[in-house]
> 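Can you keep this structure in mind? I'll have questions shortly.
The chains referred to below are lettered A, B, ... by the order of the sequence lines, with proteins before strands, and numbering in each begins at 1.
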Number of protein chains: 2
Amino acid sequence: MIGPTTNQAMGQRPPTGPLDGMAGPLSRRLGVHAPLSGDDLAALSRLAVRETVVVAHTDLVRQGEPAENAFLVVEGIAASYVQRASGARQILALLLPGDLCDPDLAHLEHWDHGIATLSHCRIARVPRAALEELIATRPAVALALRRTKLEAEARSRAWLAALGIGHATERLLRLFREIIDRMHALGLADRNEGPLPLTQVDMAECIGTSTVHVNRVLQELRRSGMVELKGSRLRLLDRAGLDTLAGE
Amino acid sequence: MIGPTTNQAMGQRPPTGPLDGMAGPLSRRLGVHAPLSGDDLAALSRLAVRETVVVAHTDLVRQGEPAENAFLVVEGIAASYVQRASGARQILALLLPGDLCDPDLAHLEHWDHGIATLSHCRIARVPRAALEELIATRPAVALALRRTKLEAEARSRAWLAALGIGHATERLLRLFREIIDRMHALGLADRNEGPLPLTQVDMAECIGTSTVHVNRVLQELRRSGMVELKGSRLRLLDRAGLDTLAGE
DNA sequence: CGACTAATTGATGCTATTCAACCACCGTGG
DNA sequence: CCACGGTGGTTGAATAGCATCAATTAGTCG
């Protein structure tokens, strides 16, 4: 009973084998931050279970629910968000392939935020116990997880500053840049072009403006030749100008 | 070379004994989250060294500097912030007595944000090595630190949402409420009244608006009998109405 | 072809910024 | 003692940025 924009259909798939690639993005992501051994990688590949396909705009966890298990985004884009009684939502962070919704949250008795898919996603569950054990027994994995979390926190700080200081144009450009850059780091996008499977409503909830305004800013960016956005494909046409406009 | 609003005068005091109370706020703060033994408390009291008195609006760490040691706020209010080349600042989080600037930041090669005092402060240094050792050898302390950090992250999420969703009035009220509530939890303020040693510029940098607007919102809040703010003393006169206006 | 979701447009008004003063308080030094 | 400089608070007018409401127009999919 959170808001009107949530539907709960969740297509279940038959359990898949441990090596069908769903741990791929996770280990690729973690491997960036610390060298992982073959054993580490094998353990990681056994971590994620019960992979499901989830349609866009579906809640995985709702605000106020008890904390059960963690989620891994295998494919697609999800997000953590806060929602008011009025229905207004603010997206806190994007979860891209290989991202694990914060493992430390186990200590919270109740979630103070929700998790929802933005695009079509493949989502795997990660049992708390298995995750804790992995952290306890595999220092390299634990280190990689810590560094990954530090990276997410740095992004969160940057977002907070952008929301406080920047105008809508800047914030939208930062959003685009973040998605392209992170996707590029995962090998899922070119340096200046990639998928952008978000609706304008999603973008508005990310950058804290109305959808109407997102639409107008977007048109201005297209007209000025800064970006190209057709269907769900985004191209950044003026990277230098973008980095200037988006603030340091 | 960050901005015009930084002065570096920092009055040094002669080293004080380990038990003169400067670890008081820290252990009181941590003790809330996990039971600490007498040994734990003794170890904590030896942690903070080189306490100094720092005047208001002084940088402790500047953006871009290498990460050296951690800081403990013994008295007063400090803050972490991000500053743009334009001079615009956004405060990310408040550091109240007993707060330690994030210990995990040791892993960052360079600070992506600065730390500065807002009011007059007593600040102690915490050597990284001693902190790491304490975490490694005293599980109760490590747990308390983790929980304290989780609490800070939850506050950060709430702020992000407020910046994205709320109007200036709401954000200012949330700021007031946060300060009073946290001060109250430390025994440094009544339930509805306490010190507010911030300038309107500081408030503006917290809630992401101009100082002029802070001033006007403040007047409206006074006129409507919501708050009373004289000198640096704040009283919340309508707690129920405040909680409504400040959003859930 | 409907039925739905997403994108677009226009008109209107509120919220907040900006610039530029001006005032009030406080501590300092002549 | 008062003149002085500095910081912080207050005010006004003009304007920019953005929200809101209400329609209308693509797309998309069964």
> Could you give me the CA-CA distance, side-chain angles and deciding distance for Thr52(B) and Arg125(B), then say whether side-chain hydrogen bond (donor to acceptor under 3.5 Å, both in side chains) is met?
CA-CA 9 Å; Thr52(B) 55; Arg125(B) 271 76 186 160; 2.8 Å; yes
> How long is the straight-line distance from CG of Leu229(A) back to CD of Gln200(A), given to the nearest 0.5 Å?
8.0 Å
> Does Tyr81(A) form a side-chain hydrogen bond (donor to acceptor under 3.5 Å, both in side chains) with Asp202(A)? I'd like the steps, not just the answer.
CA-CA 11 Å; Tyr81(A) 68 88; Asp202(A) 297 329; over 6 Å; no
> Looking at the base of dG9(D), is there any donor atom on it, or on the side chain of Arg216(B), that sits under 3.5 Å from an acceptor on the other one?
no
> Roughly how far, to the nearest 0.5 Å, is the CZ atom of Arg182(B) from the CZ atom of Arg29(B)?
6.0 Å
> For dG9(D), does OP1 or OP2 lie under 4.0 Å from any side-chain N or O of Gln219(B)?
no
> Students often get this wrong, so: under 4.0 angstrom with heavy atoms, is Arg171(B) touching a base, only sugar-phosphate, or nothing?
nothing
> Could you tell me whether the phosphate oxygens of dT8(C), OP1 or OP2, come under 4.0 Å of any side-chain nitrogen or oxygen in Gln200(A)?
yes
> Distance check: side-chain N/O of Asn215(A) vs OP1/OP2 of dT8(C), anything under 4.0 Å?
yes
> Dot-bracket for DNA chain C: what is it, with Watson-Crick or G-U pairs under 3.5 Å, [ ] where a pair crosses earlier ones, and | for a pair to another strand?
|||||||||||||||||||||.||||.|||
> With a non-hydrogen cut-off below 4.0 angstrom, is Thr199(A) in contact with a base, only sugar-phosphate, or nothing?
sugar-phosphate
> Quick one: on DNA chain C, does His167(A) or Val212(A) contact a more 5' nucleotide (nearest heavy atom)?
Val212(A)
> Please check the phosphate of dG8(D) (OP1 and OP2 only) for any side-chain N or O of His57(B) closer than 4.0 Å.
yes
> Hey, what do you get for CZ (Phe71(A)) to CG (Leu100(A)), rounding to the nearest 0.5 Å?
10.5 Å
